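Below is one structure, written out as structure tokens, with a few remarks after it.
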Amino acid sequence: MPPGGGQADPYRVWLSEVMLQQTTVAAVRAYFERFTALWPTVQDLAAADDAQVMAEWAGLGYYARARNLLACARAAAAMGGFPTTRDGLRALPGIGSYTSAAIAAIAHDAPETVVDGNVERVVARLFAVETPLPAAKPDLVALAETLTPATRPGDYAQAMMDLGATICTPRNPACGICPLIHDCDARAAGIAASLPRKVPKTPKPDRTGIAWVARHGGGVVFEERPAKGLLGGTLAFPSARWDGRDLPPPGNAEWRGIGQVRHVFSHFNLSMQVVVGDLDTAPDRGHLVPVDRIDRDALPGLMRKVWDMARAEIVA
DNA sequence: TTCCGGTATC
DNA sequence: GATACCGGAA
């Protein structure tokens with residue numbers, strides 16, 4: 001990519017930027033060479049066979065990029081070439097906020113502010129922004145815009161991303177060799193390595209539980225969930241543990257496990273053991289619903305899954 | 001094993 | 001605003 005003056009081929013800039021989304025330079029290089037050899041222009045790529053493009057992309061990951069790549073190439077070819085403005089580029093498939101700014105700045109030397117993950121990190125450190133991501137993103141973009149120069153914005157954008165990729169790295173920033181060491185608020189405060197902060201991605205805990213599908217007299221035991229809390233007020237199979245309650249089964253039976261259903265709640269993942277059995281006596285809680293009157297669609301998703309699994313056994 | 005990262009989608 | 005999509009690196 002020739003530096004300065006917007007001499008770069010928009011097609012090659014676009015192709016490399018799309019490949020570099022979520023992907024390292026080292027991984028991209030061979031793919032870029034291969035693609036540009038096979039399809040030297042956007043018209044060539046637009047005319048390419050879908051299956052061949054997908055095959056050539058194989059191994060790069062995020063295959064939606066490859067599908068969008070073709071859609072974008074065809075759209076650009078149909079309009080006689082790539083748009084030159086950020087907004088025009090932004091409207092094409094697979095080109096978002098970052099890529100549109102990058103192409104405008106690098107291929108056309110437009111004074112757009114290019115903010116990728118590297119730039120977010122560099123700016124958060126330069127200005128010691130302690131607000132966690134992603135909430136800090138608008139602030140970081142606004143701060144980055146104050147830095148974009150009128151001259152050679154494309155080279156500047158690439159330099160900022162290079163700085164983030166090679167010196168201002170996530171874990172151990174090489175502040176000792178950073179050209180901006182005297183401009184960096186975070187370095188001055190001794191907190192560079194801890195920025196940018198991020199909202200702790202609390203992984204959803206895994207919970208387990210048990211649901212009893214209890215038959216008696218041609219019916220199955222249901223009960224209403226407590227009005228408040230998880231699945232509050234809904235119709236449910238008697239169950240325990242997953243919701244913090246440690247209840248016994250709704251009666252005596254020879255229980256046999258038939259499998260587990262998985263369900264994702266907003267704040268945890270559930271693996272529910274499904275057991276079925278024939279009660280010796282009337283259930284000691286809940287009420288019996290005749291099998292042919294069970295309305296699958298009236299059950300919450302979790303219990304629907306339980307019933308779908310149990311029905312084959314029950315109705316047999 | 002965890003972290004990292006643009007876009008689309010809902 | 002959260003999640004899915006993937007592979008590479010720490």
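Chain identifiers are assigned alphabetically (A, B, ...) following the order of the sequence lines, protein sequences preceding nucleic acid strands; residue numbering begins at 1 within each chain. Values below: every heavy atom of this structure, side chains too, minus hydrogens, waters and symmetry copies. Predicted model only: the values in this text are computed from it and were never measured.
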R65(A) and T23(A): CA distance, side-chain angles, deciding distance, side-chain hydrogen bond (donor to acceptor under 3.5 Å, both in side chains) verdict: CA-CA 11 Å; R65(A) 291 184 296 168; T23(A) 310; 3.1 Å; yes

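Annotation: of the two residues near DNA chain B, T23(A) and N68(A), the 5′-most nearest-nucleotide partner is T23(A). Map Q22(A) and P134(A) each onto its nearest nucleotide of DNA chain C; the residue landing nearer the 5' end is P134(A). Heavy-atom distances to DNA chain C give each of N172(A) and R67(A) a nearest nucleotide, and the one nearer the 5′ end belongs to R67(A).
By the 4.0 Å N-to-carboxylate-O rule, D155(A) lies close enough to R152(A) to be salt-bridged with it.
Shown here for P250(A) and A214(A), the closest heavy-atom pair between the two residues is CG-CB, 4.0 Å.
F35(A) and V18(A) fall within a single hydrophobic cluster, where Ile, Leu, Val, Met, Phe, Trp and Tyr side chains are chained together by heavy-atom contacts under 4.5 Å.
Aromatic ring centroids of F82(A) and W14(A) lie under 6.0 Å apart.
Look at CZ on R29(A): it is 15 Å from P on dG8(C), rounded to the nearest Å. If you measure from atom CD of Q21(A) to atom P of dG5(B), you get 14 Å, rounded to the nearest angstrom. Across the protein-nucleic acid pair, R65(A) atom CZ and dT7(B) atom P stand 11 Å apart, rounded to whole Å. Between E120(A) atom CD and dC4(B) atom C1' there is a gap of 12 Å when expressed in whole angstrom units. Straight-line distance from the CE atom of M54(A) to the P atom of dC5(C): 14 Å, rounded to whole Å. Taking atom CZ of R121(A) as the reference point, atom C1' of dG5(B) lies 10 Å away to the nearest angstrom. Nucleotide dG8(C) holds its C1' atom 16 Å from the CE atom of M19(A), rounded to whole Å. Atom C1' of nucleotide dT7(B) and atom CZ of R86(A) are separated by 14 Å, given to the nearest angstrom.
When distances run from any side-chain atom of Y63(A) to the nucleotides dG7(C), dG6(B), dG5(B), the shortest one goes to dG7(C). Checking dA8(B), dC4(B), dG6(B) against every side-chain atom of P170(A), the shortest atom distance belongs to dC4(B). Of all nucleotides listed (dG8(C), dG5(B), dC4(B)), dC4(B) comes nearest to the side chain of R171(A). Which of dA9(C), dC4(B), dC6(C) sits closest to the side chain of T24(A) comes down to dA9(C).
Considering only side-chain N and O atoms, K198(A) lies nowhere under 4.0 angstrom from the phosphate OP1 or OP2 of dT2(B).
Among the atoms of the strands shown, base atoms are found under 4.0 Å from some heavy atom of Y62(A). Heavy atoms of L20(A) sit nowhere under 4.0 angstrom from any nucleic acid atom.
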